[in-house]
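Worksheet for the structure shown next.
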Amino acid sequence: MYQLGKRIESIVLPVEMLQQLKPSDFPNQWEYEAWQRRNLKLLEAGLLLHPLLPLDKTDTAAQQLRLIIRGALEKPLETGKNNESMQALRSIALSLACRTFDGSVSETSHWADGFPLNLRIYQMLLEACFDVNDETSVIEEVDEVLELVKKTWVVLGMNQMLHDLCFLWILFNRYVVTGQVESDLLFAANNLLMEVEKDAKAMTDPDYSKIISSTLGTILGWAEKRLLAYHNYFHSDNTETMECVVSMVVLSAKIMVEDISHEYHRTRKEIDLARERVDNYIRSSLRVAFVQASFQYFSIMSLHRMSSTR
């Protein structure tokens with residue numbers, strides 16, 4: 001798909017794809033044009049909307065790329081090697097992708113490692129770990145697939161910490177959207193959350209902080225809704241799931257709470273945090289259960305009195 005000898009991190013893949021694939025490679029012209037538009041949108045997202053390095057408003061290359069993409073979305077782009085539009089697209093895309101903080105020209109292109117585009121692409125790749133015929137099942141070749149997915153780290157600007165956080169979200173989200181029937185997905189997410197807790201202690205990147213705050217905030221909100229009325233969600237046949245949810249709440253809260261430098265105080269605060277949350281869940285769920293039982297009792301009594309007066 002690209003010239004022999006070129007490293008994958010030195011090319012702008014959507015441009016290479018646009019130039020290499022022809023209308024004859026598709027079932028019909030409509031599918032080819034739709035595919036071309038998707039590649040242009042991906043290029044726009046990586047170089048203009050979510051670039052690794054912020055763009056100057058007066059950057060002429062960015063302005064030119066906007067015009068080329070806008071025109072190509074209205075009328076299909078001619079992609080022959082000697083076509084002027086294609087040559088201009090390649091030149092401009094490379095100039096934008098190879099920018100560096102110090103103004104030098106980099107041999108590595110940055111077209112897909114800007115936040116949060118890189119995370120969204122990576123999450124889509126991680127979805128390949130699931131069976132297309134059974135949404136709750138992980139494929140047998142999951143380890144091999146993960147090894148292949150990790151080869152994109154150099155292009156997407158990923159690392160082990162971001163991988164752990166993304167895979168945590170994929171597992172948790174898959175458990176929720178598939179009806180919360182496959183507990184193994186939740187258990188796997190909890191195991192990854194333990195790794196994320198270790199990662200978070202060593203990470204100071206502000207983008208990572210935004211991602212972890214958003215991800216764990218969503219998980220915390222979902223879990224607390226169930227624990228604050230756990231009598232409605234958990235029973236004798238799913239106590240392990242309840243234990244897992246409690247673990248995820250405590251871990252998420254510990255990660256999100258402000259760090260305290262002294263180890264003794266931090267440990268003490270973590271213990272207090274866990275105790276306070278569990279105590280709150282018990283009290284809240286008992287109140288909910290009491291209100292529900294009281295409502296049922298008075299409803300039955302009211303019906304009984306009504307039947308007695310007839």
Side-chain angles (χ1 to χ4, degrees), residues 115-143 145-146 149-150 152-153 156 158-203 205 207-230 232-235 237-257 270 273-274 277-278 280-281 285:
F115 171 82
L117 174 67
N118 56 344
L119 299 185
R120 183 61 189 134
I121 295 175
Y122 194 70
Q123 287 171 358
M124 292 173 68
L125 293 174
L126 288 175
E127 294 286 354
C129 294
F130 294 95
D131 191 330
V132 293
N133 298 315
D134 182 358
E135 293 182 328
T136 64
S137 297
V138 174
I139 60 175
E140 293 182 4
E141 306 85 353
V142 61
D143 291 334
V145 170
L146 283 175
V149 169
K150 288 180 179 181
T152 67
W153 284 9
L156 298 176
M158 301 295 292
N159 54 40
Q160 187 64 50
M161 294 182 181
L162 289 171
H163 165 82
D164 290 343
L165 191 54
C166 286
F167 204 21
L168 159 64
W169 172 254
I170 290 295
L171 290 167
F172 169 77
N173 187 59
R174 181 60 66 114
Y175 172 73
V176 173
V177 300
T178 55
Q180 303 165 45
V181 295
E182 184 50 75
S183 297
D184 285 346
L185 292 174
L186 194 66
F187 299 151
N190 186 52
N191 290 336
L192 263 178
L193 187 54
M194 295 177 189
E195 295 301 316
V196 169
E197 182 193 14
K198 299 174 188 175
D199 295 340
K201 293 176 181 178
M203 178 59 75
D205 181 69
D207 284 338
Y208 182 83
S209 297
K210 293 177 186 176
I211 305 161
I212 201 169
S213 177
S214 174
T215 303
L216 299 189
T218 300
I219 292 174
L220 199 57
W222 173 88
E224 288 202 317
K225 178 182 177 182
R226 280 144 186 80
L227 292 177
L228 289 170
Y230 65 79
N232 294 339
Y233 294 96
F234 305 105
H235 311 284
D237 59 344
N238 65 349
T239 54
E240 288 186 352
T241 301
M242 181 180 175
E243 290 174 6
C244 184
V245 173
V246 170
S247 173
M248 294 186 77
V249 163
V250 173
L251 284 169
S252 297
K254 282 166 59 177
I255 294 169
M256 294 177 71
V257 79
E270 290 173 353
L273 175 67
R277 284 186 175 271
V278 171
N280 182 42
Y281 301 144
S285 192

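Worth saying up front: this structure is predicted, and the values here are computed from it rather than measured.
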Do [X] and [Y] make a side-chain contact, defined as non-hydrogen atoms from C-beta onward lying under 4.5 Å apart?
{"X": "E127", "Y": "R174", "result": "yes"}
{"X": "L185", "Y": "Q180", "result": "no"}
{"X": "L146", "Y": "F167", "result": "yes"}
{"X": "N173", "Y": "T218", "result": "no"}
{"X": "V196", "Y": "T215", "result": "no"}
{"X": "T136", "Y": "D131", "result": "no"}

Test log, rule side chain to side chain contact (heavy atoms under 4.5 Å, CB included), inputs V249 and L220: CA-CA 6 Å; V249 163; L220 199 57; 3.8 Å; yes
Let me confirm one number: the [atom1]-[atom2] distance from [X] to [Y], rounded to the nearest 0.5 Å.
{"X": "N118", "Y": "C166", "atom1": "CG", "atom2": "SG", "answer": "8.0 Å"}
{"X": "W169", "Y": "L193", "atom1": "CH2", "atom2": "CG", "answer": "12.5 Å"}
{"X": "S247", "Y": "L186", "atom1": "OG", "atom2": "CG", "answer": "9.5 Å"}
{"X": "L171", "Y": "D184", "atom1": "CG", "atom2": "CG", "answer": "11.0 Å"}
{"X": "Q123", "Y": "L165", "atom1": "CD", "atom2": "CG", "answer": "8.5 Å"}
{"X": "L119", "Y": "K210", "atom1": "CG", "atom2": "NZ", "answer": "11.5 Å"}

Between the main-chain N or O of [Y] and the side-chain N or O of [X], is there a donor-acceptor pair closer than 3.5 Å?
{"X": "T152", "Y": "V149", "answer": "yes"}
{"X": "D205", "Y": "Y208", "answer": "yes"}
{"X": "D164", "Y": "M194", "answer": "no"}

Indicate the atoms forming the closest heavy-atom contact of [X] with [Y], along with that distance.
{"X": "V245", "Y": "A223", "result": "CG1-CB, 3.7 Å"}
{"X": "C129", "Y": "V145", "result": "SG-CG1, 4.1 Å"}
{"X": "M248", "Y": "I219", "result": "CE-CG2, 4.0 Å"}
{"X": "I170", "Y": "F130", "result": "CG2-CE1, 3.4 Å"}
{"X": "S213", "Y": "M256", "result": "O-CE, 3.9 Å"}
{"X": "A200", "Y": "I212", "result": "CB-CD1, 3.8 Å"}

Is it true that, when you exclude E135 itself, more than 12 heavy atoms of the residues, nucleotides or ligands shown sit nearer than 6.0 Å to its CD? no
Please state whether the rings of Y122 and H163 are parallel, tilted or perpendicular, taking 30° and 60° as the class boundaries. perpendicular
Begin with the C-alpha distance, continue with both residues' side-chain angles, and end with the deciding distance and a verdict on side chain to side chain contact (heavy atoms under 4.5 Å, CB included) for R226 and M242. CA-CA 9 Å; R226 280 144 186 80; M242 181 180 175; over 6 Å; no
Run the side chain to side chain contact (heavy atoms under 4.5 Å, CB included) test on I211 and F115 for me, step by step, so that the C-alpha distance in whole Å, both residues' side-chain angles and the decisive distance to 0.1 Å come before the verdict. CA-CA 10 Å; I211 305 161; F115 171 82; 3.2 Å; yes
Report the C-alpha separation of F234 and L227 in whole Å, then their side-chain angles, then the decisive distance to 0.1 Å, and conclude whether the side chain to side chain contact (heavy atoms under 4.5 Å, CB included) test is met. CA-CA 9 Å; F234 305 105; L227 292 177; 4.0 Å; yes
Apply salt bridge (charged side-chain N to carboxylate O under 4.0 Å, His left out) to K198 and list each qualifying residue two or more places apart in sequence or on a separate chain.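 Once residues adjacent in sequence are excluded, the partners of K198 under the salt bridge (charged side-chain N to carboxylate O under 4.0 Å, His left out) criterion are E195.
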Partner residues of E141 under the side chain to side chain donor-acceptor pair (under 3.5 Å) criterion, sequence neighbours left out: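 So E141 forms no side chain to side chain donor-acceptor pair (under 3.5 Å) with any residue.
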